[in-house]
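Okay, structure first, notes after.
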Amino acid sequence: MLLSRIGGRLTAGRIVETEAYLGPEDGASHAAFRPSSRWLFYGPGGIAYVFRAYGLYDCLNAVAGPRGTPGCVLIRALEPVAGIADMARRRRRPLPDGTSIPALAALTSGPGRLTQALNVTLAGNGHDLRRWPLRIQAGSRQRPGDVRVSTRVGITRSPHLRLRFSLRANPFVSRPST
DNA sequence: TAGCTGATTGACT
DNA sequence: GTCAATCAGCTAA
């Protein structure tokens, strides 16, 4: 579960899709080609790393692993749980007929979308994800068979690595698996 | 200082 | 299916 109180309103969703980024050996990882953010990757886990892609969209990562071991997890998609009206307002995409699955998925199924819905910006870079206003909490455990492993989406370096993890048959994942 | 790239999305044909 | 929007951080000079 990812919970946000940024802006004073509670919004939350279940994490249904992630991608892993490793250290310098992973060409797609910012640890490999963005020196200014490298210190975060080598720091202790549980810290937010936020970057802007294509000048438009902010993407949220959770730094993983102990201090000295580089790596992070990109949050790619959520299943909306709380504050859905606020998500829709921030996304400027009012829900037409209440709760249709595609309309809900359009709020948070994509790294740029979910940061908009939860009001996460570059200002959240370096934030401790164990504390408000932005927290990650343990949710229901998944059986290994329910998690689909596939190649990562939208990257140009090291595209062959299978480091994308999504919930099988969940309508809120951002794109079909390969 | 100038120029380039990109872990994206939404609008359009 | 194509394509443009838009900027932080990098590199070259």
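Quantities reported herein were computed from a predicted structural model and do not represent experimental measurements.
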Would you indicate, yes or no, if B:dT8 has its OP1 or OP2 atom less than 4.0 angstrom from a side-chain nitrogen or oxygen of A:Arg52? no

Against the side chain of A:Pro111, the closest entry in B:dT9, C:dT6, B:dA7 is B:dT9

message = Just checking A:Arg34: does its CZ atom have more than 12 heavy atoms from other residues, nucleotides or ligands closer to it than 6.0 angstrom?
response = yes

Taken to the nearest whole Å, CZ/A:Phe33 to P/C:dA8 is 17 Å

Using Watson-Crick geometry (N1-N3 plus N6-O4 or O6-N4) or G-U wobble (N1-O2, O6-N3), each under 3.5 Å, C:dA4 is paired with B:dT9

Among B:dA7, B:dT8, C:dG9, the one nearest any side-chain atom of A:Arg34 is C:dG9

By centroid distance (under 5.5 Å) and plane angle (under 30°), are A:Tyr54 and B:dT8 in a stacked arrangement?
yes

Would you say a side-chain N or O of A:Ser36 is under 4.0 Å from OP1 or OP2 of C:dG9? no

TODO: Describe the nucleic acid contact of A:Arg152 in one word from base, sugar-phosphate, nothing, applying a heavy-atom distance below 4.0 Å.
DONE: nothing

note: A:Arg157, atom CZ; C:dC10, atom P; distance rounded to Å ~ 12 Å

A:Asn125 atom CG is separated from B:dA7 atom P, nearest whole Å, by 17 Å

Scan A:Arg91 against the nucleic acid and name what it touches under 4.0 Å (heavy atoms): base, sugar-phosphate only, or nothing.
sugar-phosphate

| task | Look only at the side chain of A:Ser150 and the backbone of A:Thr178, and say whether a donor-acceptor pair between them is shorter than 3.5 Å. | result | no

Would A:Arg91 and A:Gln116 count as having a side-chain donor-acceptor pair, cut-off 3.5 Å?
-> yes

Smallest heavy-atom separation, A:Arg14 atom then A:Gln142 atom, equals NH1-NE2, 3.1 Å

Could you say whether the aromatic ring of A:Phe51 and the base of B:dA7 stack, counting only centre distances under 5.5 Å and plane angles under 30°? no

Check this one for me: any side-chain N or O of A:Thr156 less than 4.0 Å away from OP1 or OP2 of B:dA7? yes

#### Entry: OP1 or OP2 of B:dG10 under 4.0 Å from side-chain N/O of A:Arg113
yes

A:Asp58 CG to C:dT6 C1', in whole Å, measures 12 Å

To the nearest angstrom, the OH-C1' distance between A:Tyr49 and C:dA8 comes to 10 Å

If we ignore hydrogens and angles and just use 3.5 Å, is the side chain of A:Asp146 paired with the main-chain N or O of A:Leu167 as donor and acceptor? no

To the nearest angstrom, the CG-C1' distance between A:Leu122 and C:dA8 comes to 8 Å

Looking at B:dG10, I'd like to know if its phosphate oxygens (OP1 or OP2) sit under 4.0 Å from a side-chain N or O belonging to A:Arg92. no

Whole-Å distance, A:His30 NE2 to C:dG9 C1', equals 10 Å

- request: Using only side-chain N and O atoms of A:Arg93, determine if any of them is under 4.0 Å from OP1 or OP2 of B:dA11.
  value: yes

